[in-house]
Structure formats: structure tokens, C-alpha cells
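Just below is one structure, and these are the notes that go with it.
Keep in mind it's a predicted model, so treat the numbers as computed, not measured. Residue numbering restarts at 1 for every chain, and letters A, B, ... go by the order of the sequence lines.
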Amino acid sequence: MSPTPAATAPLDVLRGALRDAAQAVGGDGHVGDRATLERPKRDDFGDYATNVAMLLAPVVGGPPRDIAGKVGEELQARLGPLLDRVEVAGPGFLNLFLSDAWHTAALTSVLAAGERFGGGGAEQPERLNVEFVSANPTGPLHVGHARNAAYGDALSRIFAFHGHEVVREYYVNDFGSQIARLAESVRARARGEEVAEDGYQGDYVQAIANAIPDAATMELDPLGQKAVALMTERIRESLHFFGVDFDVWFSERSLHEPSASLGGQDPVTHAFATLADLDQTYAHEDALWLRSGQHGDDKDRVLVRSSGEHTYFASDIAYMLDKRERGFDRLLYVLGADHHGYRARMAAAYEALGGDVASLDLLIMQFVHLVERGERSSMSKRSGEFVTLDDLVAEIGVDAARWFLLQRSHDTTIDLDLDLAREESAENPVYYVQYAHARISSVLDKAGADRVAAALGAEHAGVALHPAEKALVKKLLAFPAEIAEAAERRAPHRIATYALEVAQTFTAFYRDCQVVGAEGEGVEDLRLAVSVAARQTIATSLGLLGVTAPETM
RNA sequence: GCCCCGAUAGCUCAGCUGGAUAGAGCGUCCCCCUCCUAAGGGGAAGGCCGCAGGUUCGAAUCCUGCUCGGGGCGCCA
């Protein structure tokens with residue numbers, strides 16, 4: 001993942017010139033880095049605009065507009081023919097109008113990066129562990145899990161593309177009282193009896209019972225394990241069909257079994273010993289407590305009950321310690337909104353184990369409401385009539401499901417409009433983006449592979465660009481920064497927003513600029529090249545979301 | 001009571017580590033297929049950015065306090 005050479009990345013050239021210019025007029029060097037360099041809302045404000053003069057004003061003294069003028073002169077001297085002109089505007093903005101030559105050089109840099117365009121930008125690559133979904137294997141995945149799965153997976157894809165090393169992990173809660181309850185429910189079904197009040201009521205329980213020959217007569221413990229194995233496999237298949245595959249399926253049960261790597265000790269005992277060494281636990285009223293209150297939690301938490309049983313929290317800590325000992329730079333947990341109450345104790349546990357909470361990310365997913373014909377259908381898990389991931393996919397397809405679950409920020413509740421998601425038309429944003437990709441493919445197909453190859457090898461110097469072409473090139477250039485933002489802010493929805501914008505910008509270009517058969521020296525070459533770059537960027541964006549990029553529709 | 005999330009166009013939501021005249025999709029209304037995919041495009045209407053203070057040259061964005069909505073606060077998992 002070699003990053004795009006700084007010398008040829010046009011935005012880096014601009015940034016560098018801006019930094020130098022700021023320094024030349026008296027800045028301390030940092031001002032140039034803090035200054036914005038962004039696409040203004042209006043075209044007559046130039047290709048890019050910077051607030052550098054307003055930041056310099058308090059440092060060097062004097063009216064911002066005067067300073068902007070000086071910075072402009074410095075920039076012009078440094079950028080020469082790449083910069084057509086500058087304008088000082090408003091309270092002291094400096095608007096930059098870049099030349100055709102700059103735009104074509106930018107396009108060339110995008111094409112040179114090829115499939116890697118936008119990726120590999122992580123300044124400090126890290127080894128990341130992303131735990132997500134981790135739904136109890138006592139029932140099928142529902143729509144909330146689907147959001148969690150889509151988010152965790154897209155985030156992982158973005159991290160990897162950005163240059164990090166990612167391990168996707170699913171924690172299987174195959175231990176504890178809910179497994180016994182599942183076993184009892186399965187056995188009841190196998191015997192043709194009613195499931196107990198506090199048991200699992202769904203139809204899938206009968207399916208599990210049917211799949212285990214001796215379910216009616218087996219001991220509860222092995223029956224529970226068998227049921228969990230079947231349920232876990234079903235979950236794994238659902239996720240795989242949804243485009244989500246995990247690297248590690250971590251068994252909670254294994255935390256309570258002897259481990260060879262711990263010299264025969266079990267991980268929970270190992271964790272207790274580790275915490276004891278750090279003086280993070282104490283005994284009180286026959287129970288073992290973690291000093292979580294010292295690490296930001298509301299109070300201390302029990303690890304071993306007075307009855308001698310371990311709490312689930314004990315497993316969580318042992319698991320967390322296991323991850324730490326596997327050597328990750330950062331642990332990420334994608335948790336459902338109903339788990340936010342555990343944030344404080346998880347963070348406390350992390351600190352108690354000697355970790356720095358700056359390397360722990362506890363991400364909370366907000367809820368999903370399904371909307372059909374304008375009405376909300378809440379997914380009540382109790383009643384057993386919740387919508388499953390499989391149902392959702394059967395209803396609207398993987399692409400639409402992933403798109404609609406990912407297009408909004410993870411910390412806002414979303415209303416997923418099933419009618420709109422089912423719509424196979426431009427009213428549906430996911431189809432709109434896919435259509436743009438298919439349309440580009442069609443144009444390139446019409447031109448022919450040889451023609452496209454020739455266009456990619458052509459020099460574009462001297463070709464005058466149409467405003468729509470410039471707009472598209474600049475939209476594409478924003479991709480690396482979008483990836484960085486999406487990764488750093490754990491915000492895959494930014495990629496969805498961006499993909500839609502690229503599709504819109506391409507569509508405007510397509511409307512205004514005939515590609516195949518365009519008149520003028522080198523114009524068709526340039527437009528084919530722009531098209532290739534746009535298709536690449538859309539395909540990469542969709543790929544990061546786990547949505548397909550079809551050649552034809 | 002305490003904690004988390006939200007409040008932006010009729011609806012669903014971007015924008016939020018401060019910048020110029022606040023955006024998209026849907027919905028509504030008008031218009032456009034001799035032209036590389038009309039699964040498309042052009043245009044219009046539509047906003048005290050929840051309320052009140054504060055910081056700043058500048059606040060949807062940052063701080064404080066409220067209001068409303070959603071969720072969570074067990075030696076359950």
C-alpha cells in the first residue's frame with residue numbers, strides 16, 4: 001500500500017504551497033496546516049478556498065484581506081501555471097482558481113493510483129480488533145443485528161483499505177444460563193410440550209429440535225451445546241449471505257476451559273490472577289469484586305457471586321484480556337443501544353487490565369425502525385414476531401439492505417422505508433449509484449477496450465476542460481480525505497453520501513459532455529479517462545459498503 | 001434521580017474538531033426522450049438549524065442551562 005507520491009498528488013501540492021506561502025508572510029508554520037482548503041459552495045468562489053489569512057491575522061497583525069492578498073501573491077509565485085488566479089473575498093477568504101493543467105494533472109494522479117486510489121492513507125497503521133454482532137446464539141439475527149453487522153463490516157473494510165490490519169471477531173455467548181434455557185426450550189418442543197414462560201418461543205426452536213434426533217431425551221448440557229452449534233451455524237450462514245464474514249468466532253465457553261497457552265489454566269482464572277496482581281479486585285461478603293469504581297464506573301462490579309458462580313462480566317474481562325494479549329493496538333466494540341449501560345464498566349475493565357482507554361472504542365449503534373406504507377413496525381423481541389436479517393434480505397435484497405442500514409450515522413436511530421428500499425428506480429439512492437456505475441461501463445463498452453486503453457495512455461496537456469469535467473475531477477480528488485474521515489470518525493455513512501455525490505456529479509458530466517465521439521483534439525481521450533476514474537471511485541466506494549457495482553442494469 | 005443518543009425543509013436524514021447566500025433523497029408542482037442506459041434530466045415551492053444565554057471578527061457547528069423524543073441504569077445474559 002504505497003501511498004500516492006506526494007509530489008504528484010495535486011491537493012498535496014496545493015497544501016504544501018499554502019503552508020510555504022503562509023510561512024512567507026509571517027506565519028509560524030502551523031497556520032498553514034490548520035488552514036482550511038475546501039471546495040466552496042459556490043463556483044464563483046473558485047475551485048478551492050482557504051481561510052488562512054483570517055488565521056494569520058492575529059499572528060502577523062493587520063487586516064485579513066490584506067494578508068490574503070499577500071498569501072495570494074506567494075501562492076501564485078509558487079504554483080505558476082497551475083494557478084490561473086486568486087481572489088480575496090468576504091472577510092478575508094482567499095479563493096483559488098486552478099488551471100486546466102492542474103485538473104488534468106490531478107486526473108492523471110487518480111488514474112495512476114488505479115484501484116488503490118483513496119486507500120493506504122493511514123499515517124500510523126494499526127492492528128485493530130473489531131468485535132461486532134456477537135448476538136446470543138439463542139435465536140436468529142434480527143434487523144438491529146443487521147445494522148450492527150453492516151456497520152462493523154463496512155468499518156472493517158474501510159480500516160483495511162485505509163491501511164490498517166483488521167481482525168473481525170464474533171463473541172459467541174455459548175455459556176451460562178441462557179444456554180440452559182435454550183436447551184429446555186428445545187427439549188420441550190422435541191417432546192411436543194409448551195415452552196416455559198421464560199423460554200424461547202420462536203418457531204426456530206422447533207426447527208432446532210427437529211434437527212437433533214435425540215433432543216427429547218438428551219441431557220440438557222450436551223443438548224444446549226448441540227443447539228448452540230446449530231444456531232451459530234445458522235447465524236454464520238445468514239451473515240455470509242449478507243456479505244459479512246468473520247475471522248474469529250470466539251467461544252465464551254472456551255474461557256472457562258483449560259488453555260494450553262496458559263499452562264493448563266483457564267482464561268477466566270488467568271484474568272482473575274492478572275487483576276489480583278494489579279490489586280484491582282477484592283473479596284467482600286463472599287463475592288469477588290472489581291475496583292471498577294476507581295476507573296470511571298458508577299460503582300464496583302461483581303465478578304464472582306457469593307454463590308460461587310461467575311458473572312458474565314467475568315467472561316467479558318477474560319475475553320478482553322485475551323484480546324490484549326494477542327497484541328492489538330486498538331480494540332473496537334460495536335454495541336447495540338441497549339448495551340450502552342455497559343460502556344463505563346467495559347472501559348473500567350480495560351483500565352483495570354492496564355490498558356489506556358484511548359485505544360478502546362466502544363461504539364453504540366442506535367435502533368432501526370422498519371417503515372412500510374408509512375407505518376412503523378417495531379421489532380419486539382419478546383413477542384417472537386421480530387423481523388429477522390433473513391427476512392429483510394429476502395424483502396429488499398442485500399445491496400439495498402446494506403445501503404439503507406449504512407447511509408445514516410450509527411448514532412442516530414433510523415427509519416428504514418421498505419417501500420423505498422424495494423423501489424428499483426432512481427428514487428432509490430442505491431440504484432441511482434449503481435446505475436451511474438453501469439452507465440459508465442456502458443459508455444466505456446461502447447468506446448471499446450482498445451480505445452479506452454489508448455485514452456488512459458494519452459497525454460491530456462493542452463485540453464480545455466468543461467466545467468462539468470472539472471467538477472467531477474475535484475469530486476474524485478476528495479476521495480482520499482473522505483476515506484480518512486470515514487475511518488477516523490468511524491463513519492461509513494460518509495462513504496455512502498460521497499458515493500451518491502460522485503454519481504450525481506458524474507450524471508451532470510454525462511449530461512453536459514458527450515464522451516464517445518466528442519469533438520476536439522484529445523477531448524474524447526480526456527473524457528474517457530475521467531469516466532474510468534469515476535467508475536473506479538464509485539466501485540471502490542460501493543465495495544467498502546459491501547454493495548455490488550454492476551456493469552449492466 | 002443518574003447516564004447515553006437525538007432534535008436541521010411536509011417526511012427520512014447529511015452537514016457538527018467554527019467560516020461566505022444551510023444541503024441531499026423522498027414527497028408536492030411544472031417541464032424534457034431526433035442525442036453514449038428515461039432505471040434519466042431540468043426547474044419551482046418548501047427552513048426562527050428545539051428554546052434561552054455565553055465564547056468569537058464569525059456559531060447549525062463550541063460551552064452552560066432548559067424543553068421534548070428514544071434508550072439504559074441487577075451478585076440477569
Side-chain angles (χ1 to χ4, degrees), chain A residues 34 36 38 40-42 45 49-51 54-55 57-58 63-64 89-93 95 136 138 173 175-179 181 198 252 284-289 298-299 301-316 336-345 362 364-367 369 371 374 404 407-417 419-420 423-432 434-436 438-447 488-489 491 493-494 496-498 500-501 504 507-508 510-518 524 527-528 531 552-553:
Chain A
R34 282 195 298 121
T36 57
E38 58 189 4
K41 293 167 190 147
R42 295 170 46 178
F45 288 162
T50 176
N51 65 351
M54 287 178 281
L55 297 180
F93 288 103
N95 298 334
N136 283 341
T138 50
N173 296 98
F175 185 84
S177 59
Q178 83 274 15
I179 302 306
R181 200 153 58 230
D198 63 346
E252 177 182 5
H284 176 63
E285 292 181 350
D286 296 329
L288 182 68
W289 297 72
D298 297 339
K299 57 184 181 182
R301 303 284 172 177
V302 172
L303 298 178
V304 181
R305 289 174 218 142
S306 45
S307 66
E309 289 175 288
H310 295 163
T311 62
Y312 75 93
F313 191 43
S315 297
D316 287 348
D338 54 338
H339 278 69
H340 100 260
Y342 305 106
R343 267 178 113 155
R345 80 188 63 170
L362 300 171
I364 305 296
M365 302 300 299
Q366 292 301 323
F367 288 168
H369 298 287
V371 176
F404 277 82
Q407 68 173 339
R408 304 305 182 196
S409 169
H410 69 92
D411 56 14
T412 186
T413 53
I414 51 177
D415 285 357
L416 200 168
D417 185 336
D419 297 312
L420 177 60
E423 193 75 36
E424 296 193 8
S425 73
E427 280 109 60
N428 184 339
V430 63
Y431 280 92
Y432 183 88
Q434 290 181 312
Y435 182 66
R439 190 179 241 175
I440 300 172
S441 299
S442 172
V443 169
L444 297 177
D445 197 49
K446 177 160 181 159
E488 283 156 24
R489 296 164 71 155
H493 76 279
R494 283 182 161 263
T497 300
Y498 175 74
L500 187 59
E501 289 170 357
Q504 287 168 331
T507 302
Y510 175 83
R511 178 189 69 232
D512 296 338
C513 302
Q514 179 72 27
V515 178
V516 178
E524 189 188 71
R527 291 180 180 174
L528 284 172
S531 299
T552 60
M553 288 180 76

Shorter than 3.5 Å, N or O on both sides, protein versus nucleotides 70-73 of chain B: list them out with atom names.
{"from": "G71(B)", "atom 1": "N2", "to": "His340(A)", "atom 2": "ND1", "distance (Å)": "3.3"}
{"from": "G71(B)", "atom 1": "N2", "to": "His340(A)", "atom 2": "NE2", "distance (Å)": "2.8"}

field: C33(B) glycosidic torsion: syn (within 90° of 0) vs anti
entry: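 With its glycosidic angle within 90° of zero, C33(B) counts as syn.
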query: Side-chain N or O of Arg439(A) less than 4.0 angstrom from OP1 or OP2 on A38(B)?
result: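 True: Arg439(A) side-chain N/O within range (under 4.0 Å) of A38(B) OP1/OP2.
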query: At under 4.0 Å between heavy atoms, what does Ser307(A) touch on the DNA or RNA strands: base, sugar-phosphate, or nothing?
result: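 No contact at all - Ser307(A) keeps every heavy atom at 4.0 Å or more from the nucleic acid.
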I'd like a list of close polar pairs between nucleotides 43-45 of chain B and the protein, N/O only, cut-off under 3.5 Å.
none

With rounding to the closest Å, how many angstrom separate the [atom1] atoms on [N] and [M]?
N	M	atom1	value
G10(B)	G54(B)	P	29 Å
A24(B)	C49(B)	C1'	15 Å
U12(B)	A59(B)	P	29 Å

- request: Return the nucleotide paired to U64(B): Watson-Crick means purine N1 to pyrimidine N3 with N6-O4 or O6-N4, wobble means G-U with N1-O2 and O6-N3, both under 3.5 Å.
  value: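 Across any shown strand, U64(B) pairs with A52(B).
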- prompt: Does Tyr312(A) stack onto the base of C76(B), taking stacking as ring centres under 5.5 Å apart and planes under 30° apart?
  reply: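 Base of C76(B): not stacked against Tyr312(A).
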- request: Give the B/S/- string for nucleotides 14-20 of chain B, one per nucleotide from 5' to 3', where a protein heavy atom under 4.0 Å of the base yields B, of only the sugar-phosphate yields S, and otherwise -.
  value: SSSB-BB
query: Considering the options Asn428(A), Ile414(A), Asp417(A), which one meets the side-chain contact (heavy atoms from CB on, under 4.5 Å) requirement together with Phe404(A)?
result: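 Among Asn428(A), Ile414(A), Asp417(A), the one meeting side-chain contact (heavy atoms from CB on, under 4.5 Å) with Phe404(A) is Asn428(A).
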